[in-house]
Amino acid sequence: MLNKIASPSKTIKMAEYNFRETEQKWQQYWEENKSFRADEGGEKEKFYVLDMFPYPSGAGLHVGHPLGYIGSDIMARYKRIKGYNVLHPMGFDAFGLPAEQYAIQTGQHPAITTEENITRYKEQLKNMGFAYDWDREVRTCEPDYYRWTQWIFQQLFESYYDKKADKAMLISELVAAFEADGNAKIDAACDEDTPTFTASDWAGFTEKEQSDILLKYRLTFLNEAVVNWCPALGTVLSNDEVKDGYSERGGHPVERKKMMQWSMRITAYAERMLNGLENIDWPEPIKEIQRNWIGKSRGAELDFDIVGHDAKMRVFTTRIDTIYGVTYMAVAPESDWVDMITTPDQKEVVSQYVEQSKARSERDRMADVKTVSGEFTGAYAINPFTEEQIPIFVADYVLAGYGTGAVMAVPGHDDRDHRFARYIALKEGKDEFHYIKQVIEGPDVKEESFPGRDGLIINSGFLSGMKMQEAMDKAIAYMEEKGIGQAKINYRLRDAIFSRQRYWGEPVPVFFKDGIPTLLPTQELPLELPEVDKYLPTEDGEPPLARASNWKTSEGYELEKSTMPGWAGSSWYLFRYMDPKNETAFVGTDKQAYWKNVDLYIGGSEHATGHLLYSRFWTKFLFDRGFLKVDEPFQKLVNQGMIQGTSAFVYRDPKTNTFYSKGLKKAGMQQLHVDVSLVRNDVLDIEGFKNWRSEYKDASFELENGQYICGSEVEKMSKSKYNVVNPDDIIDQYGADTLRLYEMFLGPLEQSKPWNTNGIDGVFKFIRKFWSIFHNDANEWILQEDQASEAELKVLHKTLKKIEEDTERLSFNTAVSTFMICVNDLGKLKSHKRAIMEPLIIALSPYAPHLAEELWRKLGHQASVSQAIYPQWEEKYVVEAVHTYPISINGKMRHKMEFSLDMPKEEIEKQVLEAEQVQKWLDGKSPKKMIVVPGKIVNVVV
RNA sequence: GCCGAAGUGGUGGAAUUGGUAGACACGCAAGACUUAAAAUCUUGUGAGUAUUAAUGCUCGUGCGGGUUCAAGUCCCGCCUUCGGUACCA
């Protein structure tokens, strides 16, 4: 080991560092002096570091929330002293369900609840010493903010997606095209059922008809859609707000319902959102989730004739190579095909089936995926390749919302079709394997389907003998020649439902003029939320806004009654921070051109398919329309891990109200959560517990060794589990710097971990050790102005280098270790020199800013340490002249030898072989081989 | 089922490009200081084993193989845990 330097024989008493007073003082200083105001322009480069802004809930912040905030704060402070203009703002995602649910229960206006919660959040955030520019705070619920959310909505309404230009364009250009030529030559994103019309058709349409056509093109549009309706919340939810058939917020059941809804044509951007992932620095898992959510699949679309009908049934398939294996067709119960093709004798049983599957809730359908059901429609289709007639069934394993709502079934090579084929054959009294046909060489497909992506096609006419890809190419060429089908790309992504039948959200800035949805004039924005008597739907099921008196325009037209979803305000907030007070635009062009987009975004991975998708969509749209210079919002994304709670349990015999210590518990006893503040190192504070709840006042306890030992388990941190730890309590006990360092020291930022305070003393000790470098036992200042020694400079510069490297790669846990090592080394050197301490304080300031500021001031500086410049480490102090080589024999470390780094290989080899410890292993023989890696290792192969 | 991430001492974790496994810290043990306690400091601390001792040897990064002078790190096959997703044709 290098640092075996004489250890101090005298014991040193730790000088007192008053963190409470000091931290408060500097937090006040930063606020008063606006130390972290973001400045634009000048010579400096910009760095924009952003946290996902929180929804201010009534519970306040717990110790899990700041993990990411601390990381981003370190980056913000670090980049600032590295000479960047740093933008590091904070705000609040303030519209949302909890405040509204509370309003329904209590009648208190959600604005009041929200305001209170925000005040609490800000207080907590300030206690942690974060370097936010609070002058740029935004709140999505304020009219000054949502005015622009409404404005963006209007821009979307006024736009369509032109596929030739591959971007969003003004709807007025589309209207001009319709007037000139109709829509036959238009290639734009639109509804599936958009009719084709000529210029004269267009001219002949009524105003209402024209409006309806345009809605099929607009990027935000009104149409009848099957939606996720949540009766308990009284609103519609988007796909990403539904988890396993229950609402994500509140966990209420969700059902399918057809309703008139505002939607966002996000599908127009599917391809660009997919491609854009290549150019952003995001964690691969998140990109993968978005890719899956967008769900691009290449395949083919083809038409099947229906016996006795003119209409052709169009299906989408990714396996056109298996076309000869098609033995039946299936349509979704909700699809229009059902009524169209069902024969009279099958009408009753089919409509009964359709009713039954509608009644089946979404959740039931998902719960038993393996159970298939369906009925014969009586109709037959003709396979265009084989001319065979095949039956058409209605089956609820076919989804109305994907592809065309109809499928060609290949039971031999698709698992779902296989399951249904056996079910329906048995039901019809046929042989179980009646519908199963093998068209790919491989194992027998009777018992189990075989995807066979590598096998050869068989029994398939002109496709036989080919491999999958070749067969697909040939089949598509054949279809195109015959005009029955073509290659087609399909996406799983659905247009996003945008209406919410709730109160606490942005009003949709639209009114209805003779049934035609019309935008409010821009100068009338913001359309402010009206006062209502109750926050509930009306008696006839209209949204709460219908309760507002005179919810009409000045001309008396009815205003839209639904509000926007939670993700509206958060889809563009990053741009508002650049120019939060602008009254003429959502962001000023010059400001946006300077800050561009977010350089580092830190937040949870749970937003992968919601916020992170929608904000990319809006950014691309605003870019297309020329309002932004960037088309991705977040250049680099880091997902911080979740801090879980460690719940504590007590065990009660329900009959006797006696609590048994963990080691004494028996079967049949209740396991009850106990507040973690009453437990220390698994030992229960019995007196505290008795006072916690009145029903425990007279409880008796069976102890182990005089103590009551609690059980523990890692769970999500939540109020109901009594395992929430408030950062304020930690700060009160140890200070904000300790909390910051400790949360970082816990492990890599990305990693999830349960909260425990087992190691916090080590970090607390470090803070005091750092202080005591400058102070003697009597807490007197003992700075030395002498020149620093070589050894001291080495410690300093190695630290500076490592801290810089670790901070750049967000490895904050190892950076904290590095500081600890440095302080230990300086302690051994008894170093108290300004030349060492001054640079060190600057390096420490992003991590423990309060301590750093205090010492910086005591060193005589008048300006904040945040205005200092990060010291440059010097090569000469970092490189070693000698290296202690590990000498391995057959790859195992056996010995160590010190050699100069410029010693030639041959010389090292010679000396190593001469060494006694190596001779021992050679046993008189000469080595087979020798590997010398300069500056690293020597390996002798015997 | 599919996709993704991860498994290292009693604990949190480190090892950045294949090159000394266990940095740093907690905990634990012994000692110093103290009337005492707290605080602080010093020393030790992966497991096993041999020696009076310094020291040495064997094993060791979820399991089983492989590549390599050298594997926590790369390859193949499994197991476990945690996330995401789910009839997407």
Side-chain angles (χ1 to χ4, degrees), chain A residues 7-14 16 243-244 283-289 291-293 295 297 299 315-319 322 330 365-366 368-372 395-399 401-404 406-410 414-417 419-420 490-494 605-606 608-609 641-642 644 681 714 742 745-748 750-754 756-763 765-766 768-769 772 777 802 805-806 809 811 813-814 816-821 824 827 884-896 917 920 927-931 933 935-942:
Chain A
S7 51
S9 51
K10 257 203 295 176
T11 56
I12 299 165
K13 278 224 176 101
M14 189 114 310
E16 255 334 286
K243 293 260 143 48
D244 299 328
E284 201 48 47
I286 294 285
K287 289 190 183 181
E288 203 53 36
I289 290 171
R291 281 189 202 109
N292 292 340
W293 191 261
S297 55
V315 299
F316 173 72
T317 176
T318 53
R319 293 299 301 272
T322 61
R365 258 171 100 159
M366 280 197 245
D368 53 5
V369 161
K370 297 281 173 225
T371 321
V372 286
D396 71 1
Y397 82 91
V398 180
L399 302 177
Y402 184 77
T404 60
V407 300
M408 57 172 237
V410 187
D414 181 280
D415 191 45
R416 296 152 303 177
D417 296 342
R419 245 181 287 131
F420 186 79
N490 220 350
Y491 298 91
R492 197 187 85 119
L493 185 71
R494 299 269 70 89
S605 57
E606 65 272 22
T609 53
M642 208 171 51
Q644 295 125 316
N681 294 329
V714 173
Y742 183 60
F745 191 60
L746 232 33
E750 297 89 342
Q751 204 166 299
S752 288
K753 49 230 154 189
N756 71 67
T757 47
N758 289 345
I760 200 166
D761 284 333
V763 170
K765 233 182 262 183
F766 161 77
R768 284 179 296 166
K769 271 189 197 170
S772 71
D777 296 0
K802 180 96 168 86
E805 287 168 357
D806 285 356
R809 66 189 174 100
S811 178
N813 54 330
T814 55
V816 176
S817 299
T818 303
F819 280 123
M820 288 174 169
I821 294 168
N824 290 347
T884 307
Y885 282 85
I887 312 298
S888 304
I889 313 291
N890 292 334
K892 272 192 190 293
M893 206 274 288
R894 297 293 178 185
H895 184 49
K896 280 175 189 167
Q917 288 89 339
K920 193 176 81 186
K928 238 190 232 168
K929 198 172 176 185
M930 254 191 104
I931 290 110
V933 185
K936 283 261 164 82
I937 197 168
V938 177
N939 194 10
V940 184
V941 186
V942 183

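Basis for what follows: all heavy atoms, side chains included, without hydrogens, waters or symmetry-related copies. Here is the naming used below: chain letters follow the sequence lines, and residue numbers restart at 1 for every chain.
rG7(B) shows a glycosidic angle more than 90° from 0 and is accordingly assigned anti.
Within 4.0 Å of Val933(A), counting heavy atoms only, lies at least one base atom of the nucleic acid. Among the heavy atoms of the strands, none lies under 4.0 Å from Thr609(A). If you check every strand for non-hydrogen atoms under 4.0 Å, Asp414(A) touches nothing. Here Ile289(A) lies in heavy-atom contact (under 4.0 Å) with sugar-phosphate atoms only. Heavy atoms of Pro283(A) sit nowhere under 4.0 angstrom from any nucleic acid atom. Residue contacts shown for Ser888(A) are absent, as no nucleic acid heavy atom lies under 4.0 Å away.
Nucleotides rG44(B) and rA37(B) are separated by 24 Å at their C1' atoms, to the nearest Å. If you take atom C1' in rA29(B) and the same atom in rC82(B), they sit 36 Å apart, rounded to whole Å. Using atom P as the reference point in both rA23(B) and rA32(B), the two lie 27 Å apart (nearest Å). Taking atom P in both rU81(B) and rC76(B), the straight-line distance is 23 Å, to the nearest Å. Taking atom C1' in both rA47(B) and rA36(B), the straight-line distance is 39 Å, to the nearest Å. Spacing between rU73(B) and rU20(B) at atom P, rounded to whole Å, works out to 13 Å. When the C1' atom is used for both rA38(B) and rU45(B), the distance is 24 Å, rounded to whole Å.
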Protein N or O to nucleotides 1-6 of chain B N or O, pairs below 3.5 Å:
none

Atom pairs, protein N/O to nucleotides 56-59 of chain B N/O, distance under 3.5 Å:
residue: rU58(B); atom: OP2; partner: Arg894(A); partner atom: NH1; Å: 2.8
residue: rU58(B); atom: OP2; partner: Arg894(A); partner atom: NH2; Å: 3.1

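Checking rA23(B), rG84(B), rA89(B) against every side-chain atom of Thr317(A), the shortest atom distance belongs to rA89(B). Listed nucleotides rC87(B), rA86(B), rG13(B) differ in distance to Tyr397(A); the shortest reach to its side chain belongs to rC87(B). Counting only heavy atoms from C-beta on, Arg768(A) has its side chain closest to rU40(B) among rC24(B), rG13(B), rU40(B).
Considering only side-chain N and O atoms, Asn813(A) lies nowhere under 4.0 angstrom from the phosphate OP1 or OP2 of rA25(B). Close to rC26(B), at under 4.0 Å from its OP1 or OP2, lies a side-chain N or O of Lys765(A).
Ranked by how close their nearest RNA chain B nucleotide is to the 5' end, Arg809(A) and Thr757(A) are led by Arg809(A). Nearer to the 5' terminus of RNA chain B, by closest-nucleotide assignment, is the contact made by Lys802(A) (compared with the other of Lys802(A) and Asp417(A)).
Looking at Asn939(A), its side chain comes within 3.5 Å of the base of rC69(B) through a donor and an acceptor atom.
The residues Asp761(A) and Lys765(A) are annotated as not salt-bridged, no charged nitrogen and carboxylate oxygen being separated by less than 4.0 angstrom.
Nucleotide rC24(B) holds its P atom 18 Å from the CG atom of Asp761(A), rounded to whole Å.
For Ser297(A), the side-chain hydrogen bond (donor to acceptor under 3.5 Å, both in side chains) partners at least two apart in sequence or on another chain are Tyr402(A). Every salt bridge (Lys or Arg N to Asp or Glu O under 4.0 Å) that Glu805(A) has, sequence neighbours left out, goes to Lys801(A). Applying the side-chain hydrogen bond (donor to acceptor under 3.5 Å, both in side chains) test to Asp417(A) and every residue at least two apart in sequence or in another chain returns Tyr397(A).
For the strand RNA chain B, secondary-structure stems (runs of at least three Watson-Crick or G-U pairs, all distances below 3.5 Å) span B:1-7 with B:79-85, B:10-12 with B:24-26, B:27-32 with B:40-45, B:46-50 with B:55-59, B:62-66 with B:74-78.
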